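Have a look at the structure below, then the notes.
Since we're looking at a predicted model, the values are computed, not measured. Every heavy atom of this structure was used, including side-chain atoms; hydrogens, water molecules and symmetry mates were not. Protein chains get the first letters and strands the later ones, always in sequence-line order, with residue 1 at the start of each.
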Amino acid sequence: MDMSEEVLQQASPGLIPGSGTARAAKPTRLSPSFISWLQAGPMMLVFLAFFLIPLAFVVIVSFWDYNEYQLLPHFSGRGYTDTFEGCLAQLPELCTIGKTYLKTLKLCFLVWAITLFIGFWVAYFLAFHVKSKTWQMGLSLLCTIPFWTSNVIRMIAWIPLLGRNGLVNSGLMKMGLINHPVEWLLFSEFSVVLALVHLFTFFMVVPIFNSMVRIDKSLIEAAYDAGASGFQTLVNVIIPLSKPGIVIGSIFVITIVMGDFITIGVMGGQQIAAAGKIIETRVNALQFPAAAANAVILLVITFLIITMMSRIVDIKKEL
Amino acid sequence: MTEGRPRSFYVLAIFFAAYVLFLYGPMIAIYVLSFQGPQGGLTFPMNGVSTFWIAKLFQGTGIVDLGAAFRRSLLLGVIVMIVTVVLSVAAGMAFRRKFRAQSILFYSAIASLIVPSIITSLGISLEFRIIDDLIKAHWNENFETSMGLLTSGLGAHLTWTLPFGLLIMFAIFNRFDPRLEEAARDLGATPWQTFRHVVLPIILPSVIGIGLFGFTLSWDELARSSQAIGAVNTLPLDLQGLTTTVTNPDIYALGTVISAVSFTVITLALGTIHVLNKRQAAKGSDAGKGLV
């Protein structure tokens with residue numbers, strides 16, 4: 001590895017001020033840029049073959065025609081017109097697709113708000129109240145463990161609790177609070193939101209915690225010394241400095257929920273329509289251009305949300 | 001901060017405990033329910049305690065051929081793990097100096113992480129469908145499909161594991177002291193020797209972490225496999241299929257078995273990382289000496 005001075009500086013600025021000894025003892029035969037290509041090339045190829053080209057195909061195919069059996073590779077707007085069928089005629093009433101996206105955004109907002117609230121306070125507790133590093137590690141690990149197991153398993157885990165004869169219903173009945181089992185606990189929007197929060201709060205905790213542990217404790221001391229109350233310190237010092245973590249966590253949660261079709265399928269009893277479900281349904285009906293058109297719409301919406309959020313912080317700088 | 005524990009500590013400690021209970025409660029419920037008696041149903045109370053449902057899984061009398069799905073998931077997981085480790089370490093090394101296309105690779109990885117999985121999955125399935133059509137049209141009319149576990153499926157999983165691998169590598173090299181490499185070079189080590197005897201032993205615990213991440217992400221992967229895997233199913237796909245039809249606790253037994261594999265792999269990996277770290281600490285600056 002021929003590392004020039006400049007590279008060392010870049011890898012670890014300030015570590016080797018003005019060091020002139022970094023030159024390799026003997027010149028290597030391969031040029032540094034060739035080695036870089038060799039090292040980064042394979043990963044680039046994987047992203048090219050399985051991410052960038054597929055993404056391009058989604059956009060291209062969304063403009064193709066189709067019949068019941070196959071893709072017809074010539075230009076057509078059918079994927080989009082089928083999606084928005086009858087929407088103009090129905091105005092000002094929202095059409096099915098409009099309602100579905102609105103529902104998706106609503107679920108997304110609810111999950112975002114709840115995971116942000118829980119994630120912020122869990123991270124706050126770990127970062128500021130748990131003083132010993134060992135305890136901090138142990139408790140973070142405790143939050144991480146459920147993440148090690150399959151999402152579907154964590155979803156079906158709610159069934160014995162929320163079902164008609166589940167623990168919650170039988171508990172409430174035994175306490176005499178209700179006469180009949182409550183139906184909306186399972187296979188409802190409630191259970192979808194609950195499962196999504198259960199699954200993805202972790203994605204909020206980690207980045208916020210990372211931002212918080214980087215906050216210089218002397219800044220908080222300074223705020224106290226200057227007479228700030230706990231609340232003022234929180235609003236004026238801690239929240240602004242945790243912003244990068246909040247934004248990164250939010251991007252994770254929002255993109256996951258916007259594209260989700262599995263949790264919404266399983267926990268909604270396959271009854272709740274959402275953006276991701278439309279794509280899945282279209283694929284199952286072999287209407288690939290229509291599926292692709294919906295994927296493009298979903299992609300554009302997700303991209304807009306992320307662009308808005310990343311205006312708040314420079315994500316690359318924070319990683 | 002003031003001395004002693006403020007009231008907010010106790011409030012947040014209770015909040016944290018409630019969150020942990022929320023995380024674990026349901027999972028523990030299904031682990032317990034998978035030991036339901038033969039007559040037991042999907043909910044509490046338990047109707048006896050047995051390993052009936054777990055045994056039933058392994059007899060292959062269930063609805064799906066679990067053994068085959070298990071082997072497929074395992075094979076895919078191991079290959080994804082190896083590829084993720086090799087490509088992430090290589091790309092991580094590349095990112096330590098400037099090279100053209102650096103930001104293209106970085107943004108591809110980030111985009112791959114945040115573009116909704118169903119879109120990536122759909123794209124891969126479209127790509128392979130078009131490849132299939134081309135092969136049928138130009139070479140072989142009877143060609144079935146190029147989609148499969150180790151083609152489209154492997155690719156789909158890698159788009160999920162590689163971004164994590166790369167980000168972990170960034171974290172490692174952020175706190176890596178390049179003076180160690182400098183010293184090795186001054187002593188006349190070749191670039192490969194420097195990597196093999198200096199860099200690799202130091203980063204090894206984190207590299208094992210990447211492998212472990214790769215395996216479990218693949219083992220539990222569902223959304224990206226859903227459209228892109230072809231005709232066969234992985235274990236999570238079978239499990240998802242069961243959620244709509246099953247009325248017996250064997251679904252919980254399956255969940256418990258899948259979780260058990262995840263936990264075993266992670267525990268083994270964490271144990272190895274711990275041993276390696278201890279060894280590094282014990283050997284002080286002679287990092288890697290014990291591994292040569």
Please report the shortest heavy-atom distance between T159(B) and F50(A), naming the atom on each side. CG2-O, 3.3 Å
Is S108(B) in contact with chain A via its backbone, its side chain, both, or neither, using a 4.5 Å heavy-atom distance? both
Counting heavy-atom pairs under 4.5 Å with chain A, which one of E221(B), R175(B), Q227(B), R129(B) comes out on top? R129(B)
Shortest non-hydrogen contact from W37(A) to A101(B)? CH2-CB, 3.8 Å
Is there side-chain contact between R96(B) and Q39(A), with heavy atoms separated by less than 4.5 Å? no
Are any of the side-chain heavy atoms of F99(B) and I35(A) separated by less than 4.5 Å? no
If we define contacts as heavy-atom pairs under 4.5 Å, which of I256(A), L55(A), T201(A) has the most with chain B? T201(A)
Show me the side-chain donor-acceptor pairs of residues 6-30 of chain B shorter than 3.5 Å, one per line, residues at least two apart or across chains.
residue, atom, partner, partner atom, Å
S8(B), OG, H129(A), NE2, 3.3
Y24(B), OH, L142(A), O, 2.5

I'd like to know which of A223(A), P73(A), C143(A) tops the heavy-atom pair count under 4.5 Å against chain B. C143(A)
Contact winner vs chain B - L139(A), L52(A), L48(A), heavy-atom pairs under 4.5 Å: L139(A)
Structural part of L162(A) lying under 4.5 Å from a heavy atom of chain B: neither
Kindly indicate whether the side chain of V58(A), heavy atoms from C-beta on, has any atom under 4.5 Å from the side chain of L126(B). yes
Report yes if the side chains of W219(B) and S150(A) come closer than 4.5 Å at any heavy-atom pair, otherwise no. no
Tell me yes or no: between the side chains of R100(B) and S33(A), is some donor less than 3.5 Å from an acceptor? no
Top contributor to chain B contacts, counting heavy-atom pairs under 4.5 Å, from V283(A), I145(A), N151(A), T302(A): I145(A)
Between T151(B) and chain A, with a heavy-atom cut-off of 4.5 Å, which part of the residue counts as in contact: side chain, backbone, both or neither? backbone
When heavy-atom pairs shorter than 4.5 Å are enumerated against chain B, which of P146(A), P42(A), A295(A) gives the highest number? P146(A)
Considering only heavy atoms and a distance below 4.5 Å, find which of F57(A), F147(A), F303(A) pairs most often with chain B. F57(A)
Can you see which heavy atom on G255(B) is nearest to which on I153(A), and at what distance? O-CD1, 3.3 Å
Answer with side chain, backbone, both or neither: which region of V122(A) has an atom nearer than 4.5 Å to a non-hydrogen atom of chain B? both
Verify the neighbour count for atom CD1 of I104(B): are there more than 12 heavy atoms of other residues, nucleotides or ligands below 6.0 Å? no
I need the minimum non-hydrogen distance between P116(B) and G259(A), along with the two atoms involved. CB-CA, 3.6 Å
